[in-house]
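Have a look at the structure below, then the notes.
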Amino acid sequence: MEDFTNLLAKNARQIGEMLDAKLSNHIESGEIARPPRLLAAMRHGVLNGGKRLRPFLVIETARLFDANIEAARCVGAALEAIHCYSLIHDDLPAMDNDDLRRGKPTVHKAFDEATAILAGDALLTIAFDFLSDEKLELDAKIRLQLINGLARSAGLGGMVGGQVLDLEAETKKPDESGIITLEAMKTGALIRYACEAGAILSNATREDRERLSEFGAAIGLAFQLADDVLDVTSDTNALGKTAGKDIAANKATLVALHGVDWAKHQLEGLMEQADGLLEPFGNKADILRATARFVIERKN
């Protein structure tokens, strides 16, 4: 198996190239014009580095079933567009009010708040442009399942709903169950979709889809737990965003509720759960196992 770090970096470059091409000044069929300032803001929010973890999960779950990897990259690019839109909006003054993202000025700082809002809106819609494009040669039923799954994971009952719960939690603290629900929606929903999307794309069995969805839910919770630990234990230079903001904003997190040592113990338990879910796939799932370990041990 190729070194995991190299695989992740190669994927990030490939997804970055796809997004770069999609966000060119070329006017697509059906479009009227691409306003330069809006396009520049979208590019600032997307082409600024990042691990591209969610597309990587789509591709590697699809690879379990020997699926079309180019199609998986297209689905991954759609998912990454939505993830980047969520970060642009999350950084706004009305939300988390952050000045840095991946070590660079956030979109509302580099441009302005109105442009940042519209850049996020446009990235959300471009995700469905990726999935509905005729160049993505997929069975219509599979395409619809991918579109429907992404809409539900990103919207009211997924990421956006989780962001609302996160804001409400600043003034009305949820219990542990409430925090888990919040984090499963805000962070976990798109990661869970990434893992299930690879199985949908491959026309895998319902059992395999459910197994990979559970795997995604486990590493989604692990991702958020690790993020909350880093917010407490790391610094701004290492994170590329402002450290300590959760405590300053009185955010409801499992780390705030139980402490760092408890969270680290939970992370090891989630690694065991992820391993167990991947067991039926044998050695073919080694990259996904490495991804779970990367999520748990990440430093930024």
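None of the values given here were measured: they were computed from a predicted structure.
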- After noting the C-alpha distance and the side-chain angles of Lys186 and Asp90, does the key distance pass the side chain to side chain contact (heavy atoms under 4.5 Å, CB included) rule? CA-CA 11 Å; Lys186 182 182 179 184; Asp90 203 41; 3.9 Å; yes
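Judged by distance alone, with hydrogens and angles left aside, the side-chain atoms of Ser202 form no donor-acceptor pair with the main-chain N or O of Phe65 at under 3.5 Å. Distance alone, capped at 3.5 Å, places no donor-acceptor pair between the Ser153 side chain and the Leu150 backbone. A side-chain donor-acceptor contact under 3.5 Å links Lys173 to the backbone of Ala169. Panel note: side chain Arg43, backbone Leu19; no donor-acceptor pair is recorded below 3.5 Å. Panel note: side chain Arg73, backbone Ile59; no donor-acceptor pair is recorded below 3.5 Å. Judged by distance alone, with hydrogens and angles left aside, the side-chain atoms of His108 form no donor-acceptor pair with the main-chain N or O of Asp99 at under 3.5 Å. Under a 3.5 Å cut-off, the side chain of Thr181 and the backbone N or O of Ser177 do form a donor-acceptor pair. A donor-acceptor distance shorter than 3.5 angstrom exists from the side chain of Asp139 to the backbone of Lys141, with no hydrogens or angles considered. The backbone N or O of Arg52 sits less than 3.5 Å from a side-chain atom of Asn11, completing a donor-acceptor pair. Put simply, the side chain of Arg101 never gets that close to the backbone of Asn48: no donor and acceptor are under 3.5 Å apart.
Taking 4.5 Å as the limit, every side-chain heavy atom of Leu92 sits out of range of all side-chain heavy atoms of Asn97. In this structure, the side chains of Ile82 and Leu124 come closer than 4.5 Å at one or more pairs of heavy atoms. Looking at heavy atoms from C-beta onward, Asn25 lies in side-chain contact with Leu39 at the 4.5 angstrom threshold. Contact of the Val46 side chain with the Glu80 side chain is not registered, since no non-hydrogen atoms from C-beta on lie closer than 4.5 Å. Annotation: side chain of Leu53 is in contact with side chain of Phe223 (closest heavy-atom distance under 4.5 Å). Side-chain contact between Phe215 and Phe281 is absent, with no heavy atoms from C-beta onward closer than 4.5 Å.
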Residues 256-279, side-chain donor-acceptor partners within the protein, below 3.5 Å, at least two apart:
from   : atom 1 : to     : atom 2 : distance (Å)
His258 : NE2    : Glu176 : OE1    : 2.6
Glu268 : OE2    : Arg293 : NH1    : 3.2

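Residue Glu28 places its CD atom among more than 12 non-hydrogen atoms of other residues, nucleotides or ligands, all under 6.0 Å distant. Crowding of Arg37 atom CZ: a count of heavy atoms from other residues, nucleotides or ligands under 6.0 Å exceeding 12. In this structure, Leu47 places its CG atom where more than 12 heavy-atom neighbours from other residues, nucleotides or ligands lie under 6.0 Å away. Atom CD of Glu31 has more than 12 heavy atoms from other residues, nucleotides or ligands within 6.0 Å.
Geometrically, Arg289 does not engage Phe4 in a cation-pi contact, judged by NZ or CZ lying under 6.0 Å from the ring centre and within 45° of the ring axis. In this structure, Lys51 is not positioned above the aromatic face of Phe56 in the sense of NZ or CZ being under 6.0 Å from the six-membered ring centre and within 45° of the axis.
The distance from the CZ atom of Arg54 to the NE2 atom of His83 is 3.5 Å, given to the nearest 0.5 Å. To the nearest 0.5 Å, atom CG of residue Asn68 and atom SG of residue Cys74 are 10.0 Å apart. Atom CE of residue Met95 and atom CG of residue Asp166 lie 8.0 Å apart, to the nearest 0.5 angstrom. Of the inter-residue distances, the one linking Asp228 atom CG with Asp231 atom CG reads 7.0 Å to the nearest 0.5 angstrom. Note: Leu221 CG to Gln224 CD = 8.5 Å, rounded to the nearest 0.5 Å.
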